[in-house]
Amino acid sequence: QVQLVESGGGLVQTGGSLRLSCAASGSIFSFNTMGWYRQAPGKQRELVATLTNNGRTNYAESVKGRFTISRDNAKNTLYLQMNSLQPEDTAVYLCNAAYGSSWYYAWGQGTQVTVSS
């Protein structure tokens with residue numbers, strides 16, 4: 001079973017930057033897709049960015065041009081570089097991985113990002 005552990009969240013002022021990390025227990029090279037989602041209080045979980053195993057990326061419109069998803073296969077780690085942060089980016093950010101021929105899904109526990117105005 002794949003385990004995911006996020007880190008890197010925190011409190012930042014508007015316009016600041018953070019880099020989130022998601023360390024996986026397995027070889028991410030074999031994962032079908034990995035991604036970042038976020039959930040703000042009282043709101044549904046939403047997709048932030050995804051990265052397929054062939055390098056294709058997808059971003060939510062609200063983060064395009066500000067966030068960058070990447071991975072380091074040697075470290076089995078997924079990253080999310082977040083620049084020009086805005087108060088509306090405040091949420092718990094969760095890492096997700098889809099793996100196996102049956103497309104199993106794993107979630108991390110989340111890391112809190114708070115952007116002060």
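All values below come from the heavy atoms of this structure, side chains included, with hydrogens, waters and symmetry mates left out.
Aromatic ring centroids of Tyr37 and Trp107 lie under 6.0 Å apart.
The minimum heavy-atom distance between Leu47 and Ala60, with the atom names listed, is O-CB, 3.4 Å. The two residues Thr14 and Ser117 have their closest heavy-atom pair at OG1-CA, 3.4 Å. Closest heavy-atom contact between Ala97 and Leu4: N-CD1, 3.7 Å. Of all heavy-atom pairs between Gln112 and Ala91, the closest is NE2-O, 3.4 Å. Residues Gly55 and Arg71 approach most closely at N-NH2, 4.4 Å, considering heavy atoms.
Side-chain contact check for Tyr104 versus Val2: every heavy-atom pair is 4.5 Å or farther apart. The side-chain heavy atoms of Leu11 and Ser116, taken from C-beta on, include a pair separated by under 4.5 Å. Annotation: side chain of Val113 is not in contact with side chain of Thr90 (no heavy-atom distance under 4.5 Å). No side-chain heavy atom of Gln13 sits less than 4.5 Å from a side-chain heavy atom of Val115. Between Ser70 and Gln81 the shortest side-chain heavy-atom distance does not fall below 4.5 Å. Trp36 has its side chain within reach of Cys95: a pair of non-hydrogen atoms, C-beta onward, lies under 4.5 Å apart. Between Leu51 and Arg56, every side-chain heavy-atom pair lies at or beyond the 4.5 Å cut-off.
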(request) Verify side chain to side chain donor-acceptor pair (under 3.5 Å) between Thr77 and Asp72, making sure each step is shown before the conclusion. (result) CA-CA 5 Å; Thr77 301; Asp72 186 330; over 6 Å; no

(request) Could you please spell out the steps behind the side chain to side chain donor-acceptor pair (under 3.5 Å) verdict for Tyr93 and Arg38? (result) CA-CA 4 Å; Tyr93 283 71; Arg38 66 187 181 187; 2.9 Å; yes

(message) Between Phe31 and Asn96, does the side chain to side chain contact (heavy atoms under 4.5 Å, CB included) criterion hold? Intermediate values first, please.
(response) CA-CA 10 Å; Phe31 293 175; Asn96 169 269; over 6 Å; no

(request) Would you check, one step at a time, whether the test side chain to side chain contact (heavy atoms under 4.5 Å, CB included) holds for Ser7 with Thr111? (result) CA-CA 6 Å; Ser7 61; Thr111 185; 5.7 Å; no

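Of the possible polar contacts, none joining the Asn32 side chain to the Trp103 backbone as a donor-acceptor pair under 3.5 Å is found. Ser25 places a side-chain N or O within donor-acceptor distance of the main-chain N or O of Gln3, the cut-off being under 3.5 Å. Here the side chain of Glu6 pairs a donor or acceptor atom with the backbone of Gln109 at under 3.5 angstrom.
Expressed to the nearest 0.5 Å, how far CG of Asp89 lies from OG1 of Thr114 amounts to 11.0 Å. Atom CG of Asn76 and atom OG of Ser27 lie 5.0 Å apart (nearest 0.5 Å). Distance check: Ser21 OG to Leu80 CG gives 9.5 Å after rounding to the nearest 0.5 Å. Atom OG1 of residue Thr68 and atom CG of residue Asn83 lie 6.5 Å apart, to the nearest 0.5 angstrom. Between the CE atom in Met82 and the CD1 atom in Ile69 there is a gap of 12.0 Å [rounded to 0.5 Å].
For Arg19 and Tyr79, the positive end sits near the middle of the six-membered ring, less than 6.0 Å away and at most 45° from its axis.
Around the CD atom of Gln1, the shell of radius 6.0 Å holds no more than 12 heavy atoms that belong to other residues, nucleotides or ligands.
In this structure, Val92 is not a member of the same hydrophobic cluster as Phe67, with clusters built from ILVMFWY side-chain heavy atoms closer than 4.5 Å.
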